[in-house]
Amino acid sequence: MAFDPPVRVRFAPSPTGRLHVGGLRTALYNYLFARKHEGDVVLRIEDTDQTRSVRGAEDDIRDALSWVGLDCDEGPDQGGEYAPYRQSERTEHYREYAQTLIEAGRAYYAFDTEGELEEMREGNRAYDGSTRRQMRNSLTLSDAEVDRLVDAGDYVVRLKVPRQESARFDDVVRGSVSFDTSEIDDQVLLKSDGMPTYHLANIVDDHLMDISHVIRGEEWLSSTPKHVLMYDALGWEPPTFAHLPLILSPDSDRGGKLSKRDANELGIPVYVTDYREAGYEPAALLNFLALLGWSPGTEEELFSLDEMVDAFSLDRVGASGVQFDLDKLRWVNEHYIRDLSVEELAEKARPYVEDEGYEVSDERLHTICELVQDRIQVVPEVVTDNRYFFEDPKGYEEAGVEKRWTDESADLLLAYADRLEDIDTFDTDAVETKLRTLADEENVGAGAVIHPARLAVSGRSYGPGVFGLLAAVGKEACIRRMHRAAEELG
RNA sequence: GCCGCGUUCGUCUAGCCUGGUCUAGGACGCCGGCCUUUCACGCCGGUAACACGGGUUCAAAUCCCGUACGCGGUACCA
């Protein structure tokens, strides 16, 4: 469905740090909406704060987006007819419109020092219609003085917010939102270093780039009336706004936006590229994120990117904050892992296996992956959850021993180990046959051997089917581990 | 503090706009069972919610008002 004025959305991160999952979700929703309506996605880098800019951040953003496969139509890399796409390279535009605003009487120069501003704030006043007359600006100083100060170059431009008006706008997810302008202060538009603030740059670029829909986080909701005032002052039509619910920390006691600290303390990655390191499937991350704040209205939960594009609609986006749920992400990821071919899984798992210092042949890794594929949730668990494939167990799971190890276990295990010696082709069928005949001859249930064998070889009471497990661990190791378990567990 | 936004199972949500079909549906998690003389997958079942108080109405999760709570904003940060 294409819109009349063509849909153009922008994802506008600031390179003050690596791309956050919340940022990725914003990018996703923009992407889904644009693709759904056959529109364009613009990547715009909002680097107007030179002091907070972090080297490498832009590369990380690029990396993250390309890893998950959200491709933009225009941006610093691919260019486009609205270039440049870095705000630091567009300063002349901002200066031009700041000037227009001043000439229209909708903005003014201000020369207050930091000390003067501080003093005002201590008096609990805001720089607004009620105080601007007491400050040092082009509204209170003589023209000659203003010219002199402007020439000296040390000034800012502030928006002249009208008193006692209502600034209202429609938000796709929240409906009509309105603010009384007396609550809004005279926001700085152009900083003393010549750079624009977010507010100015944002509306100038959105207008110049023909952005039709502004889809961004709720933290921007309160600054939107300022933007609406500026659109009005410049005689521009504002875009359609959609403010997305914030992603909150899953720790309800802590509350607030999901932060870097939560990441470390709750084991949740916050940066997109950390999800890559942690072995999540990019498609799964996207799928999970889509569901965090949006609902298709059906009972489907698993979507490919294309399916999401199809099902997406902004008016099915919720308005309340959502807690990040790592368990749910893992569940989604689990499904994507099952959809992988064994070869793909093995290929993805290899680096994690090698990082742990283990060596393994392609053939054996393939066998291991086959065994564990439907019981892991993230790729690295091929090794972290199944170390016994690579080294002898360092101990035995206590609960398992308690439940499964009996007085006769050691003898049965030793007998089984003996019979394993006779096997030439040590495969799943062979170890199973040996075990079942032993159980028959000893007149015990197969479980009487199965459980101790699993415990001895893997150190645990759960895992892949035992016979496949034993075969994959190999003859020598199995026999060695059984002897050791018989000794240690008696 | 002030302003704005929000509030359905522990969590993500459907339902709310267009009151009755909601003894509130699904999913994650958790618990139990089946399958497997093993583990998991799978399947089946269970657990658990309309923040509170007033209205309006024959009827309210759904509409209105208030309160509480949560979140966001309140910078020459984005």
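Because the structure is a prediction, the values reported are computed rather than measured. In what follows, chains carry the letters A, B, and so on, assigned in the order in which the sequence lines appear, proteins first and then strands, with residues in each chain numbered from 1.
Among the protein residues, A:Val322 comes within range of the sugar-phosphate backbone only, with heavy atoms under 4.0 Å from sugar or phosphate atoms but none that close to a base. Looking at heavy-atom distances under 4.0 Å, A:Arg404 makes contact with sugar-phosphate atoms alone, never a base. Using a 4.0 Å heavy-atom criterion, one finds that A:Gly297 contacts no nucleic acid atom at all.
Among the nucleotides B:G25, B:C41, B:U37, the one closest to any side-chain atom of A:Ala446 is B:U37. Here the nucleotide nearest the side chain of A:Glu183, chosen from B:G42, B:C77, B:C3, is B:C3. Distance from the side chain of A:Asp440 is smallest to B:U37 among B:G29, B:C77, B:U37.
With a 6.0 Å cutoff to the six-membered ring centre and a 45° limit on the axis angle, A:Arg460 counts as a cation-pi contact of A:Tyr462.
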- Task: Sugar-phosphate means primed atoms, P, OP1 and OP2; the rest is base. With that split, encode nucleotides 64-74 of chain B 5' to 3' as B, S or - using protein heavy atoms under 4.0 Å.
- Result: -------SBS-
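Between the side chain of A:Ser192 and the base of B:C76, a donor-acceptor pair under 3.5 Å is found. Side-chain atoms of A:Arg174 and base atoms of B:C5 include no donor and acceptor less than 3.5 Å apart.
Between A:Phe324 and A:Phe288, the ring centre distance stays below 6.0 Å.
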- Message: Applying side-chain contact (heavy atoms from CB on, under 4.5 Å) to A:His213 and A:Thr240, what does each step give before you reach the verdict?
- Response: CA-CA 5 Å; A:His213 297 255; A:Thr240 299; 3.5 Å; yes
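The side chain of A:Arg338 contributes an N or O atom lying less than 4.0 Å from OP1 or OP2 of B:G42.
Atom CG of A:Leu302 is separated from atom C1' of B:G26 by 14 Å (rounded to the nearest Å). Between the OH atom of A:Tyr462 and the P atom of B:U38 there is a distance of 19 Å, given to the nearest Å.
The gap from the C1' atom of B:G29 to that of B:U38 amounts to 26 Å, rounded to the nearest Å. Separating the C1' atom of B:C76 from that of B:G70 is a span of 32 Å, rounded to the nearest Å.
Note on ring orientation: taking the six-membered ring where Trp is involved, the planes of A:His243 and A:Phe241 are parallel (angle under 30°, cut-offs 30° and 60°).
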